[in-house]
J.: 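Attaching a single structure in structure tokens format; questions to follow.
Any value given below was found using the heavy atoms of this structure, including those in side chains, with hydrogens, waters and symmetry copies removed. Chain letters run A, B, ... following the sequence lines, proteins first and then strands; every chain starts at 1.
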Number of protein chains: 2
Amino acid sequence: MADPSKPARSEDNGQPARRGKPTLRTIAEITGLAVTTVSRALAEAPQISADTRRRVREVAIEIGYSPDRAAQRLKTGRTNVIAVLLDPHEEILGYGTSIMSGISKALQGTSYHVIVMPNFLNTTNVEAVNYITRNSMADGVIFSRTEPLDPRVMLLSEIGFPFVTHGRTELSTPHAYVDYDNFTFSYQATRRLIAKGRRKPALISGPAGFTFAGHLQHGFMTAVREAGCAYEILSGIDLDSPAGDIRDRVRQRYSEPDPPDSFMCGGEVCALATITGMSDCGLTLGQEYDIVAKQTSHLLGAIQPQVETIYEDLTATGEDMGRVLLQRIGGETDVDKVQMLLSPQIPSNW
Amino acid sequence: MADPSKPARSEDNGQPARRGKPTLRTIAEITGLAVTTVSRALAEAPQISADTRRRVREVAIEIGYSPDRAAQRLKTGRTNVIAVLLDPHEEILGYGTSIMSGISKALQGTSYHVIVMPNFLNTTNVEAVNYITRNSMADGVIFSRTEPLDPRVMLLSEIGFPFVTHGRTELSTPHAYVDYDNFTFSYQATRRLIAKGRRKPALISGPAGFTFAGHLQHGFMTAVREAGCAYEILSGIDLDSPAGDIRDRVRQRYSEPDPPDSFMCGGEVCALATITGMSDCGLTLGQEYDIVAKQTSHLLGAIQPQVETIYEDLTATGEDMGRVLLQRIGGETDVDKVQMLLSPQIPSNW
DNA sequence: AGCGAGATTTAAAACGTTTTCATGATTCGA
DNA sequence: TCGAATCATGAAAACGTTTTAAATCTCGCT
């Protein structure tokens, strides 16, 4: 049935290149087809006969062909790459790991691959997106640590480059995001402390400048105001601070008058450091003081299982971000489909 | 002085494209030069007159030109990208972070950028290098968790693709690596336990299959044999195990006869988990038992400062790997220059 | 004047794809 | 039997660079 009229010898070819990576031309020469046809066949174009498609596919596999990404990029402008921006505070522990495995899962089975653009020099966060967009390093970007007036969001929105943020902004132009409801988390966590009889909760706040820090604070304040109790926002430290600094600050605070009697911690390391600081002052968790923390890994559960936590599923978050980004790349603009607010699971026994 | 005989009007051009990203042709049209010349000028080729170089540079900046990486790649085969392979187990707080900031530092000021290729699906580790080399995603690769007969090393060596590993192999063909002397670390740490009077140290081993696990074990065994004391290699867990598993295993071991009286921990989370397990059994660090651990971050120092540690500077390691890789890419083959073994700093008061 | 040697600049090919447009077969309706 | 429609393939242009080989220009020198 297969009757190539052109001389389609598969082994002996006259002059052309035999060394180097196999390319479309290699396949074309072997099969006796034109480069165009081969390209189409590999793309499973319907206009190419099923027979030819199969033959091309077979030869491609046999000689170990894989398309040159650079050439595809140059021609199509598409990269088949998703870039994730990560910065050193997102300790590739836990946060990065969970987010990344979620994203990977969402992209599995698609033609997209993930790369991470780390920002471990102290460059501004907008430089990375600049680099990516200007050099066409990716078809879409994912990043977190979103700011209320995030310059990355403004830039990307303006040029219409697909992206998803972890966290919201306060910009008027809507954009794709996936966020955890940190207000509710913080509100419920603080209420829990108060329900346990604590009268002066302290908040270890998120790093200033990020939207989620405001949400944490807002939830905290709402709870203490409702209860009409005293409160404190620990100064000088935040969730980005080294554990040692948090420990020292907590310890120091207890040498001063009128210390807090409980803590709302936005992270596990923060909780551990707080416990250590309190311990140094001779105070015991669950007796003289309480802690509620956000849980994103299994560290705290293994080391200090008695700390009460509310879970944030970062893997699910990553998966959502991946899915949403694919939709955005596909042209989806419906806000309802590209904005997600994930609700904290409040433990049932609270 | 500058007298282009060709019509070099800078604003009014007849027919050609005015929209889209500026390209070499755009600059050529504006300056009245040929594309070739512009390309050369931007590359600071000496054959182009200083005057022309300057003019081209100015125009390039003015119109916000940046070269199309895809085209450069296609033509030159070079990518100006370094890929770092990371896998989910390297979450050990800070590993990724420290290594990455070291690498970034080494690459600062060069034309290279780092990307991370995460392997958060459970694909085999050789797939990532395959993807990178086949798709020309990078000019060089860095990875860790090296195995004695690492297939990635074999593959890359064979095709001559530049790479550096964190950790050694046992392959006969030499390759670029940066490694920490885990034998000496383990040996000295174990000696320290014995010097403190412990008679039955336990090793929590590295995950089977990786070269460094063997080194840890060898160092440990050398020390206990020298001292002629009892020892134990805790079964069922390793440094990759979740903290909860390590804690439980330690706890369980103490319910059985003849338990160890000290621990050599290759990581900080492992040490924390061990302490928690022992604590649960009512045992106190420094009294009933001792621990020596490897320190790679500031977590342990903040939470359990009394644990004795030997430091491994992963940022320095990353920096070395970056430097070595650049040399390899530059063609360096001298083994002395591309193989580094970093010595543990033994605390002076031991 | 003429000629070769630098010194500058340029035209054209190439990298490996995808895409636009055209072409040669085959089949179909009348 | 003849176009028209359908099907399968192909030639050539294009994407934006770099590179090879060649062209032009400018001098100094005979």
J.: Which of the following nucleotides, C:dT9, C:dA14, D:dT9, is nearest to the side chain of A:Thr52?
T.: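 Of C:dT9, C:dA14, D:dT9, D:dT9 is nearest to the side chain of A:Thr52.
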
J.: Taking the side chain of B:Tyr65 as its heavy atoms from C-beta onward, which of D:dT17, D:dA11, C:dT17 lies nearest to it?
T.: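 Of the options given, the side chain of B:Tyr65 lies nearest D:dT17.
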
J.: Between A:Ser101 and A:Ser104, do the side chains contain a donor N or O and an acceptor N or O under 3.5 Å apart?
T.: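 Their side chains do not contain a donor-acceptor pair, so the 3.5 Å distance test is not met.
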
J.: Using distance alone, with no hydrogens and no angle criterion, decide if A:Thr79 and A:Asp139 have a side-chain donor and acceptor under 3.5 Å apart.
T.: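 Result is yes, a qualifying pair exists.
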
J.: As a test of understanding, state which of A:Asn125, A:Asn130, A:Leu156 forms a side-chain contact (heavy atoms from CB on, under 4.5 Å) with A:Pro151.
T.: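 The side-chain contact (heavy atoms from CB on, under 4.5 Å) with A:Pro151 is passed solely by A:Asn125 among A:Asn125, A:Asn130, A:Leu156.
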
J.: Separation of A:Gln47 atom CD from C:dC21 atom P, in whole Å?
T.: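 A:Gln47 atom CD is separated from C:dC21 atom P by 14 Å.
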
J.: Side chain of B:Asp68 only, heavy atoms from C-beta on: which candidate in C:dT18, C:dG16, D:dG16 is closest?
T.: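 It is D:dG16.
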
J.: Any side-chain N or O of B:Ser39 less than 4.0 Å from the OP1 or OP2 oxygen of D:dG16?
T.: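 For D:dG16, OP1/OP2 do not have a side-chain N/O of B:Ser39 under 4.0 Å.
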
J.: How many Å lie between CZ on A:Arg53 and P on D:dT9, as a whole number?
T.: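 Nearest whole value for this atom pair: 10 Å.
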
J.: Would you mind reading off the distance between B:Arg134 atom CZ and C:dG16 atom P, rounded to a whole angstrom?
T.: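 In whole Å, C:dG16 P lies 15 Å from B:Arg134 CZ.
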
J.: Rounded to whole Å, how long is the line connecting atom CZ of A:Arg25 with atom P of C:dT18?
T.: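 Rounded to the whole Å, the gap is 16 Å.
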
J.: Does any donor atom in the side chain of B:Thr36 or B:Ser39 lie under 3.5 Å from an acceptor atom in the other side chain?
T.: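 There is no such pair between these side chains.
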
J.: Report yes if a donor N or O on one partner sits less than 3.5 Å from an acceptor N or O on the other, where the partners are the side chain of A:Ser49 and the base of D:dA8; otherwise report no.
T.: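 Flag unset: no donor-acceptor pair detected.
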
J.: Over all strands shown, is A:Arg73 touching base, sugar-phosphate only, or nothing at heavy-atom distances under 4.0 angstrom?
T.: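 Nothing, no nucleic acid heavy atom in range.
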
J.: How many Å lie between CZ on B:Arg69 and P on C:dT17, as a whole number?
T.: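 Spelled out: CZ on B:Arg69 to P on C:dT17 is 22 Å.
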
J.: Quick one: which of C:dT8, D:dT19, C:dT18 gets closest to the side chain of A:Lys75?
T.: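 Of the candidates, C:dT18 comes closest.
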
J.: Rounded to the nearest 0.5 Å, what separates atom CD in A:Glu147 from atom CZ in A:Arg152?
T.: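 Reported to 0.5 Å precision, the distance equals 6.0 Å.
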
J.: Side chain of A:Gln72: nearest nucleotide among D:dG16, C:dT18, D:dT19?
T.: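 Among D:dG16, C:dT18, D:dT19, the one nearest the side chain of A:Gln72 is C:dT18.
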
J.: Considering just the side-chain nitrogens and oxygens of A:Thr23, establish if one lies under 4.0 Å of OP1 or OP2 belonging to C:dT17.
T.: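 Yes, such a contact exists.
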
J.: Working to the nearest 0.5 angstrom, can you tell me the gap between A:Thr165 OG1 and A:Arg145 CZ?
T.: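 Rounded to the nearest 0.5 Å, the OG1-CZ separation comes to 14.0 Å.
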
J.: 5'-most contact on DNA chain C: B:Pro46 or B:Leu74, nearest heavy atom basis?
T.: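 Per heavy-atom nearest nucleotide, the more 5' residue is B:Pro46.
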
J.: Quickly work out the A:Glu44 CD to D:dA8 C1' distance and round it to whole Å.
T.: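 A:Glu44 atom CD is separated from D:dA8 atom C1' by 15 Å.
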
J.: Over how many whole Å does the gap from A:Asp51 atom CG to D:dC7 atom P extend?
T.: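 Going from A:Asp51 (CG) to D:dC7 (P), I get 17 Å.
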
J.: Assign B:Thr36 to base, sugar-phosphate, or nothing according to its heavy-atom contacts below 4.0 angstrom with the strands shown.
T.: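 Counting heavy atoms under 4.0 Å across all strands, the contact made by B:Thr36 includes a base.
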
J.: I need the CG-C1' distance between B:Leu24 and C:dT10, as an integer number of Å.
T.: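 From B:Leu24 CG to C:dT10 C1': 14 Å.
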
J.: Reckon B:Ala71 touches a base, only the sugar-phosphate, or nothing at all at heavy-atom distances under 4.0 Å?
T.: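 Base contact.
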
J.: Which one, C:dG16, C:dT10, C:dC15, comes nearest to the side chain of B:Leu33?
T.: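 In terms of side-chain proximity for B:Leu33, the closest of C:dG16, C:dT10, C:dC15 is C:dT10.
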
J.: For B:Thr37 and C:dT10, is the shortest distance between a side-chain N/O and OP1 or OP2 below 4.0 Å?
T.: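 So the side chain of B:Thr37 is within the cut-off, an N or O lying under 4.0 Å from OP1 or OP2 of C:dT10.
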
J.: Answer yes or no: side-chain N or O of A:Arg78 and base N or O of C:dT18 forming a donor-acceptor pair under 3.5 Å.
T.: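 There is none.
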
J.: In terms of side-chain heavy atoms of A:Arg40, which of C:dT9, D:dG10, C:dG16 is nearest?
T.: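 Side chain of A:Arg40 sits closest to D:dG10.
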
